[in-house]
Protein chains: 2
Amino acid sequence: MTETHEACAPFPEPAVGEIRLEAVLHALADPVRLRIVSSLAGCTDQVNCLAFDVPVAKSTLTHHFRVLREAGVIRQVRRGTSKMNSLRSEDLAARFPGLLDSVVAGHRASSRYPL
Amino acid sequence: MTETHEACAPFPEPAVGEIRLEAVLHALADPVRLRIVSSLAGCTDQVNCLAFDVPVAKSTLTHHFRVLREAGVIRQVRRGTSKMNSLRSEDLAARFPGLLDSVVAGHRASSRYPL
DNA sequence: TGCTCAGTACGATAACTCTCGTACTACGAG
DNA sequence: CTCGTAGTACGAGAGTTATCGTACTGAGCA
């Protein structure tokens, strides 16, 4: 199953025009979610939910992913038993140009990862 | 630094290097504060606290201004019986380039003021 | 001295959020 | 069919936040 075939299940998310600035800012104003977003911004591939090394329980992770999805920051798609996550970079850039980039850059800079 | 001699009364605020991204995002993720910041971004002059037409009580306003100041988003200076507020645009731009601009632009766009 | 205006301090309350553990569903592998 | 893996649902507890009203301080003015 190496083919694309991804959009098999749509998940509740706001349309591009429905993305609210406050919701996005609130979604990003949490250390766990900021880390997730920063990780997602790194790779162009989709990543499943448990692949992030954040020190929280599974159910907490579910909560954070829902917040991100409902704010319009990420998109979630079923793939087998997993749920693949990807940033809605283009949608965000269309609605709030430069916002995501500056946040991700700021996070990387202030968490001074060697990478 | 030739200059402005404004600091007649210093108010507790983080140094440029101490401004935390999450605190800034959290400060901006509130409708009242977003409106204040957007208003401040419009004028280059300093504005006193009660000059904003936000539908909240005086004490609530004090709370919001403290959140903004402690996050490093605004600076407050005494002037007579008033307290003048100004955006720390340069400090924010130095630490998180583009962030404030995109947030303000996004807020203006989405609050579709007939302006 | 006394009055007024700008803002603070202090509860108090209601709402929201982050976190967890446990129980549950859904899918795929064997 | 059975089992393991990925994720959800559902409380529940602890902490934070937004909001208010009332009482207070402090600067300027008459």
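Keep in mind that the numbers below use all heavy atoms, side chains included, and drop hydrogens, waters and symmetry copies. All of these numbers come straight from a predicted model, not from anything done at the bench.
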K.L.:
In terms of side-chain geometry, is the basic nitrogen of A:Arg75 or A:Asp91 positioned less than 4.0 Å from the acidic oxygen of its partner?
P.N.:
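Salt bridge: yes.
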
K.L.:
Contact class for B:Val56 (heavy atom, under 4.0 Å): base, sugar-phosphate, or nothing?
P.N.:
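It contacts sugar-phosphate atoms only.
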
K.L.:
Could you give the CG-to-P distance, from A:Asp30 to D:dT17, as a whole number of Å?
P.N.:
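The distance from CG of A:Asp30 to P of D:dT17 comes to 12 Å, rounded to the nearest Å.
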
K.L.:
Hey, any chance A:Val54 and A:Ile74 share a hydrophobic cluster, counting ILVMFWY side chains that come within less than 4.5 Å of each other, even indirectly?
P.N.:
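Both belong to a single hydrophobic cluster.
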
K.L.:
Give the rounded distance in Å between these two atoms: CZ of B:Arg69 and C1' of C:dT8.
P.N.:
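To the nearest whole Å, that distance equals 11 Å.
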
K.L.:
Which nucleotide, C:dT19, C:dC18, D:dC20, lies nearest any side-chain atom of A:Arg33?
P.N.:
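Between C:dT19, C:dC18, D:dC20, the one nearest the side chain of A:Arg33 would be C:dC18.
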
K.L.:
Under the side-chain contact (heavy atoms from CB on, under 4.5 Å) test against A:Val73, which residue among A:Leu68, A:Leu40, A:Ile19, A:Val67 passes?
P.N.:
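With A:Val73 as partner, side-chain contact (heavy atoms from CB on, under 4.5 Å) holds for just one option, A:Leu68.
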
K.L.:
A:Thr62 side chain: which of C:dG7, D:dT8, C:dT19 is closest?
P.N.:
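So the nucleotide nearest the side chain must be D:dT8.
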
K.L.:
With respect to the side chain of A:Arg66, which nucleotide from D:dA9, D:dC20, C:dA6 is positioned closest?
P.N.:
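Of the options given, the side chain of A:Arg66 lies nearest D:dA9.
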
K.L.:
For A:Val32, which of A:Val56, A:Val37, A:Thr60 qualifies under side-chain contact (heavy atoms from CB on, under 4.5 Å)?
P.N.:
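For A:Val32, the side-chain contact (heavy atoms from CB on, under 4.5 Å) test succeeds with only one of A:Val56, A:Val37, A:Thr60, which is A:Val56.
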
K.L.:
How long is the line joining CD1 of B:Ile74 and C1' of C:dG7, in whole Å?
P.N.:
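Atom-to-atom, B:Ile74 to C:dG7, this comes out as 13 Å.
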
K.L.:
In whole angstrom, what separates A:Arg79's CZ from D:dA6's C1'?
P.N.:
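In whole Å, D:dA6 C1' and A:Arg79 CZ are 14 Å from each other.
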
K.L.:
Closest to the B:Thr81 side chain: C:dC27, D:dA18, C:dC5?
P.N.:
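Within the option list, the nearest is C:dC5.
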
K.L.:
Between C:dG21 atom P and A:Lys58 atom NZ, what is the distance in whole Å?
P.N.:
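After rounding, the gap between these two atoms is 12 Å.
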
K.L.:
Nearest 0.5 Å please: distance from the NE2 atom of A:His107 over to the OG atom of A:Ser102.
P.N.:
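Between A:His107 NE2 and A:Ser102 OG, I get 13.5 Å after rounding to 0.5 Å.
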
K.L.:
Return the nearest nucleotide to the side chain of A:Val32; candidates are C:dT19, D:dT5, D:dT19.
P.N.:
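The nucleotide sitting nearest to the side chain is C:dT19.
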
K.L.:
When you measure only distances, ignoring hydrogens and angles, does the side chain of A:Ser59 come within 3.5 Å of the base of C:dG21 through a donor and an acceptor?
P.N.:
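Side chain to base: pair present.
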
K.L.:
Between atom CG in A:Leu50 and atom C1' in D:dG7, what is the gap in whole Å?
P.N.:
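A:Leu50 atom CG is separated from D:dG7 atom C1' by 7 Å.
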
K.L.:
Would you please confirm or rule out a distance under 4.0 Å between OP1 or OP2 of C:dC16 and any side-chain N or O of A:His26?
P.N.:
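For C:dC16, neither OP1 nor OP2 has a side-chain N or O of A:His26 closer than 4.0 Å.
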
K.L.:
As a test of reading the structure: which of D:dG7, D:dA18, C:dT8 is closest to the side chain of B:His63, going by heavy atoms?
P.N.:
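Selected nucleotide: D:dA18.
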
K.L.:
Measure the distance from CG on B:Leu61 to C1' on D:dC20 and round it to the nearest whole Å.
P.N.:
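Atom-to-atom, B:Leu61 to D:dC20, this comes out as 13 Å.
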
K.L.:
What is the distance, rounded to the nearest whole Å, between atom CZ of A:Phe65 and atom C1' of D:dA6?
P.N.:
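Computing the A:Phe65:CZ to D:dA6:C1' distance gives 12 Å.
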
K.L.:
So which nucleotide from C:dA6, C:dG7, D:dA9 ends up closest to the side chain of B:Lys83?
P.N.:
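The nucleotide sitting nearest to the side chain is C:dG7.
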
